[in-house]
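Worksheet: the structure to be examined is printed underneath.
In the text below, chain A, chain B and the rest are named by the order of the sequence lines, each starting its count at 1.
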Protein chains: 2
Amino acid sequence: MLTIGKLGTSTGVKVPTIRYYEQIGLLPEAERSVGNQRLYTHKAHERLAFIRHARELGFSLEAIRDLLSLSDDPDQPCAAADAIAKAQLAEVESRLARLTALKTELERMVVQCAGDRISDCRVIEVLGDHSLCVTNHPTIDDAGQ
Amino acid sequence: MLTIGKLGTSTGVKVPTIRYYEQIGLLPEAERSVGNQRLYTHKAHERLAFIRHARELGFSLEAIRDLLSLSDDPDQPCAAADAIAKAQLAEVESRLARLTALKTELERMVVQCAGDRISDCRVIEVLGDHSLCVTNHPTIDDAGQ
DNA sequence: CTTGAACCTATAGCTGCTAGAGGGAGTAAA
DNA sequence: TTTACTCCCTCTAGCAGCTATAGGTTCAAG
């Protein structure tokens, strides 16, 4: 049985994050020691490693919740898991496309800026005027992703 | 003078967002009509367009705050603006690299999954075991970005 | 037996908005 | 003038996915 701290270091997940996952029901409630400290089994370790890996691959906690409930049910068809992974792939591909457009604009901006005063600064100028952009870069909702 | 609604439609920024920008001091407090409604000048329109464009290019509100105060000061050297843009470019490039690694893993996962039961599902299997990955894909902090 | 790290709960904060409640203002027709 | 309608106002709470802080308890080592 592992304490929460050991579980954290062995999975690379911070302690408050583990407690948070328990709170939102992604991890089951842990057993407790006599002194009320959480104790984790090998199974919990596996489950947390699964969650972390999925987070690293960009899956949302909601998607992970679904994936976990699928993995708890080994006789189910795997089409649903497949669909979640495909959706995530599509999401990543679209982010890639948007980021590539951003990169183009930012490079142009930085390269062209030769002035030494703000008044001739290409960066400031381009930001003030979208028509100076070559690509139809993403709208606000997508840019931060 | 524009009402907040007109300003919103003409810049593509939602009304509550404009109020939010005012609240956090990114836009100056607007003049008010007799009936206490916000009224915007052409200058405010330009400033908001600048903000929106910078957001589209992925700059954080903090970075935008700095860029705006630079652009308010046309005699300053533009090195600072340049540095912010370069940092943003670097950020975008690193996100691109990380997302490309994710894409590789997700594609492998999806392509290899030929089983029809969860018990042979490649997606679930890979998520449970990072060593099945070919790349050293991002850590958790980066994946969602 | 004391120190100090690791644990506990509960609450608030982070970014960048978005949604909702509950009302006032402005315009145009009936 | 009343009604109807859309826009506007403030204030508060909520979203993801944590992270930080406060104030207290437990555990292992020396």
Side-chain angles (χ1 to χ4, degrees), chain A residues 1-27 29-40 44 48 51-68 88 91 95 138-145, chain B residues 1-27 29-40 44 48 51-68 88 91 95 138-145:
Chain A
M1 292 296 237
L2 294 168
T3 63
I4 198 170
K6 307 280 182 194
L7 180 66
T9 48
S10 78
T11 54
V13 178
K14 287 177 189 147
V15 167
T17 304
I18 299 174
R19 287 197 279 248
Y20 170 71
Y21 288 163
E22 178 181 312
Q23 190 193 307
I24 63 168
L26 212 55
L27 287 175
E29 293 197 12
E31 281 180 65
R32 298 298 181 115
S33 72
V34 183
N36 198 36
Q37 303 198 344
R38 287 174 181 82
L39 291 177
Y40 294 94
L48 183 54
I51 294 171
R52 174 170 156 93
H53 196 201
R55 287 294 296 133
E56 285 172 349
L57 290 170
F59 289 91
S60 72
L61 294 182
E62 261 321 289
I64 293 172
R65 201 185 290 278
D66 294 344
L67 289 167
L68 279 169
Q88 177 62 17
E91 173 68 30
R95 279 193 209 160
T139 59
I140 250 161
D141 327 313
D142 314 312
Q145 317 273 316
Chain B
M1 294 297 237
L2 295 167
T3 62
I4 198 169
K6 307 281 182 193
L7 180 66
T9 47
S10 77
T11 52
V13 178
K14 285 175 190 149
V15 167
T17 304
I18 299 175
R19 288 196 278 250
Y20 171 71
Y21 287 164
E22 178 181 311
Q23 190 194 308
I24 63 168
L26 213 55
L27 287 175
E29 292 197 11
E31 281 180 64
R32 297 299 180 112
S33 73
V34 183
N36 198 36
Q37 302 198 346
R38 287 174 182 82
L39 292 177
Y40 293 94
L48 183 55
I51 294 170
R52 174 171 155 93
H53 195 201
R55 286 295 296 133
E56 285 172 351
L57 290 169
F59 288 90
S60 72
L61 294 182
E62 261 322 288
I64 294 172
R65 200 186 289 278
D66 293 345
L67 289 167
L68 280 169
Q88 178 61 17
E91 173 68 29
R95 278 193 212 161
T139 59
I140 249 161
D141 327 313
D142 315 310
Q145 315 273 315

**OP:** Output yes when at least one side-chain N/O atom of A:Ser33 is less than 4.0 Å from OP1 or OP2 of D:dC27, else no.
**Re:** yes
Original post:
With respect to the phosphate group of C:dC17, does any side-chain polar atom (N or O) of B:Lys14 fall under 4.0 Å of OP1 or OP2?
Top reply: no
Original post:
C:dT18 P sits how many Å from B:Glu22 CD, rounded?
Top reply: 17 Å
**OP:** Report the distance from atom CG of B:Leu7 to atom C1' of D:dC7, rounded to the nearest whole Å.
**Re:** 14 Å
Original post:
Who are the side-chain hydrogen bond (donor to acceptor under 3.5 Å, both in side chains) partners of B:Glu22, not counting sequence neighbours?
Top reply: B:Arg38
**OP:** Report the residues that fulfil side chain to side chain contact (heavy atoms under 4.5 Å, CB included) with A:Gln23, sequence neighbours left out, ordered by chain and then residue number.
**Re:** none
**OP:** Output all residues satisfying side chain to side chain contact (heavy atoms under 4.5 Å, CB included) with A:Thr9, sequence neighbours left out; order by chain, then residue number.
**Re:** none
Original post:
How long is the line joining CD1 of A:Ile24 and P of D:dT19, in whole Å?
Top reply: 13 Å
Subject >> Validation row: A:Ile18, A:Tyr40 side chains within 4.5 angstrom (heavy atoms) >> reply: yes
**OP:** Figure out the OH/P separation between B:Tyr40 and D:dC8, and round it to whole Å.
**Re:** 10 Å
Original post:
Which residues satisfy the side chain to side chain contact (heavy atoms under 4.5 Å, CB included) test with B:Leu61, sequence neighbours excluded?
Top reply: B:Tyr20, B:Tyr21, B:Ile24, B:Leu26, B:Arg55, B:Ile64
Original post:
For the side-chain contact (heavy atoms from CB on, under 4.5 Å) test, which of A:Leu2, A:Val15, A:Leu39, A:Val13 pairs with A:Leu7?
Top reply: A:Leu2
Are there any protein N/O atoms within less than 3.5 Å of an N/O atom in nucleotides 12-17 of chain D, and if so, which ones and at what distance?
from, atom 1, to, atom 2, distance (Å)
D:dG17, OP2, A:Leu61, N, 3.3

**OP:** Could you check how far CD of B:Glu56 sits from P of C:dC17, rounded to whole Å?
**Re:** 11 Å
Original post:
Starting at CG of B:Leu48 and ending at P of C:dG16, how long is that distance when rounded to a whole Å?
Top reply: 16 Å
**OP:** Take nucleotides 5-10 of chain C nucleotide by nucleotide from the 5' end and write B, S or -, depending on whether a protein heavy atom sits under 4.0 Å from the base, only from the sugar-phosphate, or from neither.
**Re:** --SSB-
Subject >> All side chain to side chain contact (heavy atoms under 4.5 Å, CB included) counterparts of B:Thr3, not counting sequence neighbours >> reply: B:Lys6
Subject >> Residues that A:Ser10 engages under side-chain hydrogen bond (donor to acceptor under 3.5 Å, both in side chains), provided they are two or more places apart >> reply: A:His45
Original post:
Which residues satisfy the side-chain hydrogen bond (donor to acceptor under 3.5 Å, both in side chains) test with B:Arg65, sequence neighbours excluded?
Top reply: B:Glu62
